[in-house]
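Keep in mind that this is a model prediction, so the values were computed, not measured.
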Amino acid sequence: MKVWISKYALTQGIIETEAKKTSSDSISITKDCKTPTNWFYKGDWHETKEAAIAKAEEMRQKKITSLKKQIEKLEGMKFD
């Protein structure tokens, strides 16, 4: 089955590959794929490209929020 992996979307982009279901919520990659692992749980893989894009956008927004907080903390630092 064709799947889209969003786990590494912020570093490698969304990965389209072939996989087989190993349980109701996990898959195993069956095609050569440049990922650190060949096993993914539901939420990290999607059956449609649209679902993977939505997850990647959610991840991007969370990362932006986190980075803004880090910037605020750094800007507030004072060294005496």
Any Thr22 side-chain heavy atom under 4.5 Å of Ile27 side chain | no
Closest non-hydrogen atoms of Lys55 and Ser6, given as atom of the first, atom of the second and distance, are CG-OG, 3.3 Å
Atom of Ala56, atom of Leu10 and distance for their closest heavy-atom approach | O-CD2, 4.4 Å
Are any side-chain N or O atoms of Thr48 and backbone N or O atoms of Ala51, one a donor and one an acceptor, separated by less than 3.5 Å?
-> yes
May I ask you to test the Phe40-Ile29 pair for a side-chain heavy-atom distance under 4.5 Å?
-> yes
Is it the case that more than 12 heavy atoms not belonging to Lys42 sit under 6.0 Å from its NZ atom?
-> yes
Only one of Arg60, Gln61, Lys62 clears side-chain contact (heavy atoms from CB on, under 4.5 Å) with Glu58; which?
-> Lys62
Do Lys68 and Glu72 sit within salt-bridge range, that is, some charged N less than 4.0 Å from a carboxylate O?
-> no
Are the side chain of Thr30 and the backbone of Glu18 linked by a donor-acceptor contact shorter than 3.5 Å?
-> yes
With the 4.5 Å side-chain cut-off for hydrophobic clustering, are Trp4 and Met59 part of the same group?
-> no
Is the shortest heavy-atom distance from the side chain of Ser26 to the side chain of Lys21 under 4.5 Å?
-> no
So if you build clusters from Ile, Leu, Val, Met, Phe, Trp, Tyr with side-chain heavy-atom gaps below 4.5 Å, do Met77 and Ile71 land together?
-> no
Taking the side chain as every heavy atom from C-beta outward, state whether Glu47 and Met1 have any pair of such atoms under 4.5 Å apart.
-> yes
Inter-residue atom distance Trp45.CH2 - Asp25.CG, 0.5 Å rounding | 8.5 Å
With Ile53, which residues qualify under side chain to side chain contact (heavy atoms under 4.5 Å, CB included), at least two apart?
-> Ile14, Lys49
